[in-house]
Amino acid sequence: MKKLIRIVFFLPLSVVYGLLIVIRNKLFDGKILRGKKFPVPIISVGNLSMGGTGKTPQVEYLIRLLKEHKRVAVLSRGYKRKTRGFLEATPQSTHLDVGDEPMQYVTKYPDVTVAVCAKRAKGIAKLLAKPEPPEVIILDDAFQHRYVKPSLNILLTDYYNLYVEDFILPSGSLREFRRGAKRADIVVVTKTNPVLPSVERKIIQEKLHLQPHQKLYFSYINYLQPVSIYDQQKTLPERVTTIFMIAGIANPYPFERHLQGYCIDLRRFIFSDHHRFTEKEVAKIIKKFNLHLSKNKVIVTTEKDAQRLKTEPFCSLLKDYPVYYVPIQVAFHEDEKCSFDSVALNHFSL
């Protein structure tokens, strides 16, 4: 009911916004505005919605796949960073310098070049001017950034909120109309259940109604063992009664369902996507943690949120508390992994 009210209430604004996006896309389709091609493979990972489709673990999947073969760079916009222009991330950077996703990439994959630049074409040119330029570039969240013409366009859609069942902003969460999906070479339905019956796949395939040239894959999230933010030698206790969950991501509900399997009592502290925590907010969580009567209690956050919480002033506030994050990885169903890897690697070798 709430969804229907939102659709109706914001419909006039959605029509105006949608028309502007249609005009923009028509200018690109008619080559009045042009996307730039580059002499190396450019793989774009994005979505039609505002977020929550699992772009970060999908980019990491590509990093692990491709870096064994050639030099890889990841270029992001660096959402909510405090810097401007082109900036290459280093392990000494913070989320305020480059954003939380780029910080996560450079921390986990220090052998891969990670950079941020709002103007992707300018950022790519800067990367290619390096003494040892990348041989493939992954664009993070660039499906709508049409000033660059990717050689492989990967579109993600959440299993629980397929783009064909969503509406354009602000009535829904789509950045552009559903027809924009036609630009994709690959569509990945993310965050499915680990066991997905073939009948269900068939139903989703019919709903999406993809073009003959488009490939469809289904993936799910593998949750790895929780890791202590401040002492990585420390492991999660075997017995946990209460978890204080901190999540500032677009779709926290799969994470919430996962944590429910670890404890009896789950206390939720949910914030908006890319939320910038304040000392007051963290102090409030600590106060509630201290007042809770359970002896077997821990604080658990997402891998992305950990990039913000491990910096000052939060490090000083939380370092004496049992604070963990849960790393995640993308996994493809059955024989789809071989097929997806083959498409990416064959494209990569062009």
- Message: Quick check against the 3.5 Å criterion: does Ser14 have a side-chain atom that pairs as donor or acceptor with the backbone of Ile168?
- Response: yes
- Taking the six-membered ring for Trp and the single ring otherwise, decide whether the centroids of Phe10 and Phe167 are under 6.0 Å apart. no
- For Pro226 against Pro327, the heavy-atom pair lying closest together: CA-CD, 4.4 Å
- Message: Between Arg175 and Asp141, does the salt bridge (Lys or Arg N to Asp or Glu O under 4.0 Å) criterion hold? Intermediate values first, please.
- Response: CA-CA 12 Å; Arg175 297 170 174 175; Asp141 195 12; 2.8 Å; yes
- Task: For Ser76 and Asp140, indicate whether the former's side chain and the latter's backbone hold a donor-acceptor pair under 3.5 Å.
- Result: no
- Task: State whether a side-chain donor-acceptor pair under 3.5 Å links Ser44 with Asn153.
- Result: yes
- Note on the structure: Here the ring-ring contact (aromatic ring centres under 6.0 Å, His included) pairs for residues 85-107, sequence neighbours left out, are none
- Query: Who else is in Leu291's hydrophobic cluster (ILVMFWY, side-chain heavy atoms under 4.5 Å, direct or via others)?
  - Reply: none
- Message: Starting from Val282 and following side-chain heavy-atom contacts under 4.5 Å between hydrophobic residues (I, L, V, M, F, W, Y), which residues can be reached?
- Response: Val227, Ile229, Tyr230, Phe244, Ile246, Phe269, Phe271, Phe277, Ile285, Ile286, Phe289, Ile299, Leu309, Phe314, Leu317, Leu318, Tyr321, Val323, Tyr325
- Message: Show the nearest heavy-atom pair for residues Tyr217 and Ser339, with the distance to one decimal.
- Response: OH-OG, 2.8 Å
- Please go through Phe28's hydrophobic cluster and name the other residues, only I, L, V, M, F, W, Y counting, with side-chain heavy atoms under 4.5 Å joining them. Ile23, Leu27, Ile32, Leu33, Tyr147
- Pairs touching residues 98-119 that satisfy salt bridge (charged side-chain N to carboxylate O under 4.0 Å, His left out), sequence neighbours left out: Glu60-Lys108, Lys67-Asp111, Asp100-Arg308, Glu101-Lys304, Lys108-Glu303
- Query: With clusters built from Ile, Leu, Val, Met, Phe, Trp and Tyr whose side-chain heavy atoms come within less than 4.5 Å, directly or transitively, what are the remaining members of the cluster of Leu293, listed by chain and number?
  - Reply: none
- Item | Within one Ile-Leu-Val-Met-Phe-Trp-Tyr cluster: Phe218 and Tyr163, side-chain cutoff 4.5 Å | yes
- Measure from the ring center of Tyr253 to the ring center of Tyr160 and say whether it is less than 6.0 Å. no
